[in-house]
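Each remark here refers to the structure printed beneath this line.
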Amino acid sequence: MPRRTQRYSKIGDTMKTIDLSGKWNYKTDIDDSQTIDSIKFENNNFNLPGSTCDNRIGKKTEYFDKISKEAVRAPRERYEYIAPLWLQKTVNIPNDTDGKTVRLFMERVNIASELWIDGVKTDRQIIELSTPHIYNLTGKITPGEHTFTLKIDNRNLLNLDTMASGYSVDTQGYWNGVIGRIELQYEEKEHIDSIQVYTDDKGITLKVVETSDVHSPFKTEKATVTVNVTSPKGDLLGEKIFETKVFNSKQVDYFRYDISKIDCWDEFNPNLYTATVKYECNGHTDIKSVKFGMRTIKTENKKILLNNRQISLRGTIDCAIYPLTGYPPMDIEVWRKNFNTIKSYGLNHVRFHAWCPPECAFNAADEIGMYISVEMPLWLNHDVCALETGEDPIHRQYFMQEAINISKTYGNHPSFIMFSNGNENMGDFDMLNDITTCIKAYDNRRIYTLTTNFDHPIMPCEDYLCAYEAGGHNVRIQNCQDKVAENTLLDYSSAVKDVPVPIISFEVGQYCVYPDVDLIEKYTGNILPVNLDVIKKFMIEKNVYHKLNDYIKASGDLAVKLYKEDIEAALRTKDFGGFELLSLLDYTGQSTATVGILDVFYESKGLISPDEFKNFAGEVVPLFKAKRIFKNTDTLEAELDLYDFGEKKINHPVYNLTVQNGKQVFYKTSTTESKVSIPLNSITKSTMLSVILEVNGYKNTWRIFVFAENKIENNVRMIKSEEEL
């Protein structure tokens, strides 16, 4: 076969790349018996970037005949391959690489890689889930043709068990391969290795790592670093030139650049600046650019402050469930679409549940104004796993390095505002405390917590707590159903009082909607919906499949009502940090946990429109605090309130309150007062009242039930949707 033409491109002034995507030779190694000397490649049609499932390699997954716990656990890869995979390609190295810094860059690998060039091992094995695998080939490769051999191993080499979304059958599966960019990179030895941007309310500090061929403290080279900054509107803000001395092969310098008029980055104004750094040394020049947002984040007096203004998180979680690929999308357009969908429902935050997304996800979040919480692929506790956190000594070493890698790789993104070591970890909190303390000292550009979920005494290194209980108090309604049934007054002020840091309620909701087994038709990619298939068979066997739409509609209607109650309890709580849903879309693992109002393809189930959901989950939400059930001899006493985290504060809200009895207006007022009293003695038949509260175009609705004291008639009409209000 003719060799695929290698593509060359330039990044900045000096870095060039050779695209290594395309066809590679491959060899499976199920029992890990092959060596570089024994391996014989017989196939030449493995496409990179891609997975073994993309390339139809592995054990073909079959549908289940009978329903069982294993059958309904989760969808599965159509072809599952958990073993080493060998890949080989002949690469033509151009003459202009001679004397240059050369690297092999693989954007995302699951989970380990090894590299040989012309049969000679290059460096040690890299085990890394969250950031690129990079091999330094400087001095190890010459111009001409060379054979690159890779060994990719997706076995559980880190004792992660099976729960973390970064490595789990419940989520993205155990895909084997390389996705995203795979390329050779080469540039002068005098180049910029990395740029980190630290913002404050007056400008930026740039941490620039410069490389050179200086290897002796007695030899120095003069160098010049020139910094230019471009505003979000494309205006050049001016040039600053710094003289420095290079005394080491890889050294760190800090440069200060003040900005007189700052356009801050936030959810409403996702303003992005560009810093361009030119490094001149020993006759060579390197230019690299980085995008950043002017934003600061901290916690103070139990509040989360972004740019010194309090924010409230209204979030969902992403569990790396992408059925078409079976691995995280490496296309920014997918992330733009997903984040815009999330925003359309009033939310401003995504927590990545026990995994870290790729670069393009951060880029999309930066552009759109989405707040991101990142976690390491760590979920270990004895409730769900054989191991607890830290029981294997490799956990301390690996996750400390993982936290640093995540910070270095994605730390410039303004959307990246929060970091947790992982989901629901128990075990060695001393290890988690060490990691958090170190990474927080290393990088202060975000706020930190030890682990997401589980109430615990707050450590000095922690900035916030995300849990379903805080300070011994509930912070979601699952254990408060009686109070919620009686009134719309529940809040979590006791937890706020007793916990010294901001609280974010963990995985709010978890209300299952009946699984839509007809969704099978959408699974046209790498993931096979074995769980939905066996549920459909079971429904047919029990002669209820024809009721599928009724089941979805009924369970979905209840789920939407419960999500509203859960969210409003959080919004009613003064100085609450926010909430994170489980989830706006389905979680298809853990026995098919279809908890979303969207399916896993980010498409609506038809339960509620984005605008209707936004009425009780958006940046401004009117709140009505009252009992739910009255006699007609009572007076309806209610408090009117406003959750207001919009772009511009509503300083003097006017509450427009309408109460309807069927289609008739029962009570109406426009008031600046926060309390209303509504006599109910004119009601003669038991009925349901529809309450509509509107402030500055923001609307919310509730149902109030009034029973006649003397003669109760069955005239309480249960509505089907909020539209009828």
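Counting begins at 1 with the first residue of the sequence.
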Please report the interatomic distance [atom1]([X]) to [atom2]([Y]), rounded to the nearest 0.5 Å.
X    : Y    : atom1 : atom2 : value
E367 : F339 : CD    : CZ    : 10.5 Å
F399 : I406 : CZ    : CD1   : 9.5 Å
S690 : R703 : OG    : CZ    : 8.5 Å
D611 : K699 : CG    : NZ    : 10.0 Å
N526 : E77  : CG    : CD    : 7.0 Å

Salt bridge check: are [X] and [Y] linked by an N-O gap of less than 4.0 Å?
X    : Y    : result
D443 : K440 : no
K564 : E568 : yes
K343 : E619 : no
K553 : D557 : no
E507 : R351 : yes
K303 : D575 : yes
D599 : K522 : yes
R572 : D641 : no

- [ ] For I527 and R78, run side-chain contact (heavy atoms from CB on, under 4.5 Å): C-alpha distance rounded to whole Å, both residues' side-chain angles, the deciding distance at 0.1 Å, then the answer.
- [x] CA-CA 6 Å; I527 299 299; R78 289 181 186 271; over 6 Å; no

Measuring only between side-chain heavy atoms, which start at C-beta, is [X] closer than 4.5 Å to [Y]?
X    : Y    : answer
S373 : Y464 : yes
V350 : I317 : no
I368 : N340 : yes
D331 : K337 : no
M294 : Y273 : yes
T436 : T449 : no
F352 : S165 : no
L532 : D516 : no

Minimum heavy-atom separation for [X] and [Y], please, with both atom names.
X    : Y    : result
F292 : I204 : CE1-CG2, 3.6 Å
I321 : T171 : CG1-CA, 4.0 Å
V290 : V197 : CG1-CG2, 3.7 Å
Y492 : T573 : N-OG1, 2.9 Å
P329 : P358 : O-CG, 3.5 Å

Open item on the list: Classify the ring geometry of F624 against W702: parallel below 30°, tilted from 30° to 60°, perpendicular beyond 60°.
Closed with: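 F624 vs W702 ring planes: tilted.
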
Open item on the list: Is the ring pair Y345/F613 parallel, tilted or perpendicular, if the boundaries are 30 and 60 degrees?
Closed with: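 Aromatic pair Y345/F613 classed perpendicular.
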
Between the side chains of [X] and [Y], is a donor N or O closer than 3.5 angstrom to an acceptor N or O?
X    : Y    : result
Y643 : S312 : yes
D170 : Q590 : no
T451 : E424 : no
H349 : E580 : yes
D266 : N307 : no
N308 : T296 : no
D54  : Y327 : yes
S493 : D491 : yes
Y410 : E359 : no
T316 : S583 : yes
T389 : N425 : yes
E469 : H456 : no
T452 : N423 : no
H133 : E107 : no
D263 : N271 : no
E694 : N700 : no

Task: Y167/N154 under side chain to side chain donor-acceptor pair (under 3.5 Å): CA gap, chis, key distance, verdict - done: CA-CA 9 Å; Y167 188 81; N154 65 334; 5.8 Å; no

Open item on the list: Here's one to test your reading of the geometry: is the NZ or CZ of R445 within 45 degrees of the ring axis of Y198 and under 6.0 Å from its centre?
Closed with: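 Yes - R445 lies over the ring of Y198, closer than 6.0 Å to its centre and within 45° of its axis.
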
- [ ] Please confirm whether R446 makes a cation-pi placement over F416, using NZ or CZ under 6.0 Å from the six-membered ring centre and within 45° of the ring normal.
- [x]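 Yes, R446 sits over the ring of F416.
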
Quick check on [X]: does its [atom1] atom have over 12 non-hydrogen neighbours (other residues, nucleotides or ligands) under 6.0 Å away?
X    : atom1 : answer
K574 : NZ    : no
K649 : NZ    : yes
K302 : NZ    : yes
E521 : CD    : no

Whether [X] side chain and [Y] backbone form a donor-acceptor pair below 3.5 Å:
X    : Y    : answer
N696 : I650 : no
T409 : T131 : no
T592 : V72  : yes

TODO: Carefully, step by step, assess I447 and F419 under the rule side-chain contact (heavy atoms from CB on, under 4.5 Å).
DONE: CA-CA 6 Å; I447 56 177; F419 182 84; over 6 Å; no

Open item on the list: What verdict does the side chain to side chain donor-acceptor pair (under 3.5 Å) test give for E647 and N269, after you've listed the backbone C-alpha separation in whole Å, the side-chain angles of each residue and the deciding distance to 0.1 Å?
Closed with: CA-CA 9 Å; E647 182 177 5; N269 300 287; 3.2 Å; yes

- [ ] For side-chain contact (heavy atoms from CB on, under 4.5 Å), just list the numbers for D566 and Q478, CA-CA rounded to whole Å, side-chain angles, deciding distance to a tenth of an Å, and then say yes or no.
- [x] CA-CA 9 Å; D566 232 323; Q478 272 89 336; 3.8 Å; yes

Open item on the list: Set out, in order, the CA-CA distance, both residues' side-chain angles and the distance that settles side-chain contact (heavy atoms from CB on, under 4.5 Å) for F362 and C356, then state yes or no.
Closed with: CA-CA 10 Å; F362 290 96; C356 176; 4.2 Å; yes

TODO: With Y322 as reference, evaluate W175, W335, Y523 under the ring pair (Phe, Tyr, Trp, His ring centres under 6.0 Å) test and give the passing residue.
DONE: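 Per the ring pair (Phe, Tyr, Trp, His ring centres under 6.0 Å) rule, the option paired with Y322 is W335, out of W175, W335, Y523.
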
